[in-house]
Amino acid sequence: MRTQSVLVVLFDGVQPLDIAGPVDVFSVAARYTGSEGTPPYVVRTASLGGATVRSAGGLRLVPDLDLADAENPDILLVPGGPGVGDVGSGLVTWLRQRGPEVRRVVSVCTGAYLLAQAGLLDGRRATTHWEACDYFAGRFPQVMVDPNPIFVRDGTISTSAGVTTGIDLAIALVEEDYGRAVADEIARLLVVFVRRPGNQAQFSTQLSAQTARSDPLREVQYWAAANLASDLSVPALAQRAGLSPRQFARAFVEEVGVTPGRFVDLVRLEAAQRALTDTRDGVTGIARRCGYGSPEAMRRAFMRELDVSPTEYRRGFGSRRHSAPTPGSSAPTSCPEAPSRGRSRPVAWQICWSS
């Protein structure tokens, strides 16, 4: 393939990792594409007037050029950060005029807010950081906000969730251009734990469930998630926590917000979903490894929670063409409720780099 140009938009208050993550993916791709002397991607940065910007973390970023002088790139990357709420009309106008001319437009985290302001997401599916999507959906009702996936691709425009998901989306773009083997090598080099498909939910059970305050219960949570094939009954977990079954069950609900049994069910289901989409292991092996004991037991859990069998889940969601359902929400339209912190703007705009 010919060298593709990547243009990264800069503005005051931009989140540095929204830029650095995808840029590293595009930069290291040269190691694995076999295109000697011809880099697969050339990355340039630009701001209004070519002005130096100060990022959310205080870093000063010097752009390569003025947005007004930039040619239409092959990939336009719009990062997020707390500064998106203060960007002036000049950048939005530039995006509105130039975005439709670009072959692939990509936003990271709350960068989707700028695309929506420019009208580029009208009538499209999109996602953003989980804590900003309720506000996003209310502010832009013409956008079909899906809070579950880590990234969404709708035609020429792709949007990703919280900051690190920009890496996942960039790797997916490289895979589209150069194949899975190259994408896997990049993920390995960048020490990405799992190269996650876009249909994977933003919220894992470990993230969405409250972490216990007390050390014994917290350690039980971590141990259960790492030992799914073990005995995870209430008596067994209570013994590990040094409590009676009644004390353990009561304390667990109080600190975690769900019963121990429900927590175990969801952790096992999540692990099975991940194994079905990220590996080629057989259903029988996955069922045993995740603590179901038999494929039939795992099938019943999938039907109860997701209304699809494990085989149907792998066929439909392992292809990356659809957004995977998560337990209890087959067609989500809003994010899980985030704790109120007394701010009018989503907390994600203030501290979106923390997730």
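Note that the structure is predicted; figures quoted are calculated from it, not measured. Counting from 1, the numbers follow the sequence of the chain as shown.
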Step by step, work out the side chain to side chain contact (heavy atoms under 4.5 Å, CB included) result for V43 and V8. CA-CA 7 Å; V43 179; V8 182; 3.9 Å; yes
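- Looking at R289, R314, R288 one by one, the single match for salt bridge (charged side-chain N to carboxylate O under 4.0 Å, His left out) with D281 turns out to be R289.
- Clustering ILVMFWY residues whenever any of their side-chain heavy atoms sit less than 4.5 angstrom apart, transitively, puts V62 in a cluster other than the one holding L59.
- Ion pairing between a basic and an acidic side chain is recognised when a charged N comes within 4.0 Å of a carboxylate O; R125 and D146 show such pairing.
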Which is it for L169 and V108 under the side chain to side chain contact (heavy atoms under 4.5 Å, CB included) test, yes or no, and what are the steps along the way? CA-CA 9 Å; L169 177 51; V108 181; 5.9 Å; no
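- Interatomic distance, L276 CG to S309 OG, rounded to the nearest 0.5 Å: 9.5 Å.
- Counting only heavy atoms from C-beta outward, the side chains of T156 and R124 approach each other to under 4.5 Å.
- Atoms CZ and CD, on R153 and E176 in that order, are 4.0 Å from each other to the nearest 0.5 Å.
- Across all their heavy atoms, P40 and Y178 have their closest contact at CB-OH, 3.2 Å.
- The aromatic rings of F140 and Y113 sit perpendicular, their planes meeting at an angle over 60°, well past the 30° parallel limit.
- Across I167 and G21, no two heavy atoms sit closer than the pair CG1-CA, 3.6 Å.
- In terms of heavy-atom proximity, L65 sits nearest to A70 at CD1-CA, 3.6 Å.
- Annotation for E296: atom CD counts as buried by contact number, over 12 foreign heavy atoms lying within 6.0 Å.
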Is there a side chain to side chain contact (heavy atoms under 4.5 Å, CB included) between Y32 and V174? Walk through the geometry before answering. CA-CA 11 Å; Y32 308 107; V174 173; over 6 Å; no
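- Remark: E185 CD is packed, more than 12 non-hydrogen atoms of other residues, nucleotides or ligands lying under 6.0 Å away.
- The line from CD of E101 to CG of L76 is 11.0 Å long, rounded to the nearest 0.5 Å.
- The cluster map of Ile, Leu, Val, Met, Phe, Trp and Tyr, joined by side-chain heavy atoms under 4.5 Å apart, puts V6 and L190 in the same cluster.
- Test L77, T159, V84 against S107 for side-chain contact (heavy atoms from CB on, under 4.5 Å) and you get one pass: T159.
- For D215, the salt bridge (charged side-chain N to carboxylate O under 4.0 Å, His left out) partners two or more places apart in sequence, or in a different chain, are R218.
- No donor-acceptor distance shorter than 3.5 angstrom exists from the side chain of R44 to the backbone of P63, with no hydrogens or angles considered.
- Rounding to the nearest 0.5 angstrom, the gap separating the CG atom in L173 from the CZ atom in R104 is 5.0 Å.
- Under a hydrophobic-cluster definition in which Ile, Leu, Val, Met, Phe, Trp and Tyr are linked whenever side-chain heavy atoms come within less than 4.5 Å, directly or via other members, M303 and Y292 are assigned to different clusters.
- Side-chain contact check for L217 versus F248: some heavy-atom pair is nearer than 4.5 Å.
- Proximity of a side-chain donor or acceptor of D64 to a complementary backbone N or O of T45 within less than 3.5 Å is detected.
- M144 and V105 are not part of a single hydrophobic cluster, where members link through side-chain heavy atoms under 4.5 Å apart.
- With a 4.5 Å cut-off on side-chain heavy atoms, L237 and V264 count as touching.
- In this structure, the side chains of F136 and H129 stay at 4.5 Å or more apart for every pair of heavy atoms.
- Looking only at side-chain heavy atoms (C-beta outward), R274 and I286 stay at 4.5 Å or farther from each other.
- Here the side chains of L114 and F11 are in contact, with some heavy-atom distance below 4.5 Å.
- D12 places a side-chain N or O within 3.5 Å of a backbone atom of R54 that can act as its donor or acceptor partner.
- Residues V92 and L48 fall into different hydrophobic clusters, defined by Ile, Leu, Val, Met, Phe, Trp and Tyr side chains chained together at heavy-atom separations under 4.5 Å.
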Walk me through whether L67 and R98 qualify under side chain to side chain contact (heavy atoms under 4.5 Å, CB included). CA-CA 10 Å; L67 278 171; R98 302 290 290 277; over 6 Å; no
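- Distance alone, capped at 3.5 Å, is enough to place a donor-acceptor pair between the T3 side chain and the P39 backbone.
- Closest approach of A68 to W94, counting heavy atoms only: N-NE1, 4.4 Å.
- By the neighbour-count criterion of 12 heavy atoms within 6.0 Å, atom CZ of R31 is sparsely surrounded, having that number or fewer from other residues, nucleotides or ligands.
- A distance of 13.0 Å separates CZ in R268 from CD in E305, rounded to the nearest 0.5 Å.
- Looking at T127, its side chain never comes within 3.5 Å of a backbone N or O of F151 through a donor-acceptor pair.
- The two residues V283 and P295 come nearest to each other via the heavy atoms CG1-CB, 4.2 Å.
- V42 places none of its side-chain heavy atoms less than 4.5 Å from the side chain of S5.
- Across every non-hydrogen atom of A116 and L121, the tightest pair is N-CD1, 3.9 Å.
- Between the OG1 atom of T33 and the CD1 atom of I186 there is a distance of 8.5 Å, given to the nearest 0.5 Å.
- Taking the side chain as every heavy atom from C-beta outward, I19 and L61 approach each other to under 4.5 Å.
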